[in-house]
Every structure is written in C-alpha cells, then in structure tokens.
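Just so we're clear, the structure is a prediction, and the values are computed from it rather than from any experiment. Side-chain atoms are counted along with the backbone in the values below, which use heavy atoms only and exclude waters and symmetry mates. Starting from 1, each residue takes its place in the sequence as its number.
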Amino acid sequence: NPRLVKALRAPSRTEGVNFCNDRPLKMRIDGAVLLTGATGFVGGGILFSLLARASELGVTKIVLMIRQRSGKTLDERVAKLRENPMFDGLRETFDKLVV
C-alpha cells in the first residue's frame, strides 16, 4: 500500500558528526570510558558518539571490552572496527583514545 509506505518513511536528518555535535550536552565525563559491545550496531553508534564529542565530553580514554570470536584475534576485530566507514572522519581520534 503506497500510503502506508509514505506514512512509515523516516524523516530526513543530518548525518554523521554534525548530527552528534548539534545536540546540547547536559553532562561531562572527564575521564575514561569502559565500553562493551562496540563491535555491534548499537555499541558502534555509542563509540561513534563518544569519539565525535570526546573533547567536549572530556573523554581521555575509551577502553573496549571485545571478546575473541569466530577464529579472529582481538587485534583483528579492533582493526576491522577501526576500518568501518562510520569512523572515516574520526580515525585520528580513534587511534588516540581507543585501547
């Protein structure tokens, strides 16, 4: 039904780093963050948001808890995460903060 498809269409919005930076902050972290699930969809989005606003939030380090999985080493999984196109504009920050 075309009317249903039109009704369910998502509204357009700004993407990427600008989308994160346009939202006002109500708190600061001022330190390190321990993040689980960063290789998944939701965790990756949280990691993106933390990296995009790291200086504003006062994030000094992001520690990822990643389990070994499907014959891949932890270093391979972190490298694959780092190469995700989502982090194209944030690789320098990724390399500086993520451990």
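Rounding to the nearest 0.5 angstrom, the gap separating the CD atom in Glu76 from the CD atom in Gln68 is 9.0 Å. Atoms CZ and OG1, from Arg53 and Thr93 in turn, are 14.0 Å apart once rounded to the nearest 0.5 Å. Here the CG-CZ distance, from Asn84 to Phe94, works out to 9.0 Å after rounding to the nearest 0.5 Å.
Leu34 and Ile66 are members of different hydrophobic clusters when ILVMFWY side chains are connected at heavy-atom separations under 4.5 Å. Leu47 and Phe41 end up in the same hydrophobic cluster when Ile, Leu, Val, Met, Phe, Trp and Tyr side chains are linked at under 4.5 Å. Note on Val42 and Leu90: same hydrophobic cluster, where clusters join Ile, Leu, Val, Met, Phe, Trp and Tyr whose side-chain heavy atoms are under 4.5 Å apart, directly or indirectly. Met86 and Leu51 fall within the same hydrophobic cluster, defined by Ile, Leu, Val, Met, Phe, Trp and Tyr side-chain heavy atoms under 4.5 Å apart, directly or through other members. Note: the hydrophobic cluster containing Val98 also contains Leu74 (ILVMFWY, side chain heavy atoms under 4.5 Å, direct or indirect links).
Within 6.0 Å of CZ in Arg91 there are more than 12 heavy atoms belonging to other residues, nucleotides or ligands.
The shortest heavy-atom contact between Gly43 and Leu35 is O-CD2, 3.9 Å. Taking each heavy atom of Thr60 and Ala32 in turn, the nearest pair found is OG1-N, 3.5 Å. Minimum heavy-atom separation, Arg82 to Phe87: O-CB, 4.0 Å. What you find for Met27 and Leu57 is that their closest heavy atoms are O-CD2, 3.9 Å. Residues Leu81 and Ala38 approach most closely at CD1-O, 3.4 Å, considering heavy atoms.
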For the pair Arg77 and Arg67, evaluate side-chain contact (heavy atoms from CB on, under 4.5 Å) and give the outcome as yes or no after the intermediate values.
-> CA-CA 9 Å; Arg77 292 193 74 198; Arg67 59 188 162 140; 4.0 Å; yes

Candidate pair Leu50 and Val33, rule side-chain contact (heavy atoms from CB on, under 4.5 Å), full reasoning = CA-CA 9 Å; Leu50 288 171; Val33 174; 3.9 Å; yes

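The backbone N or O of Glu56 lies less than 3.5 Å from a partner atom in the side chain of Arg28, making a donor-acceptor pair.
Here Glu83 does not pair with Lys80 in a salt bridge; the nearest charged N to carboxylate O distance is not below 4.0 Å.
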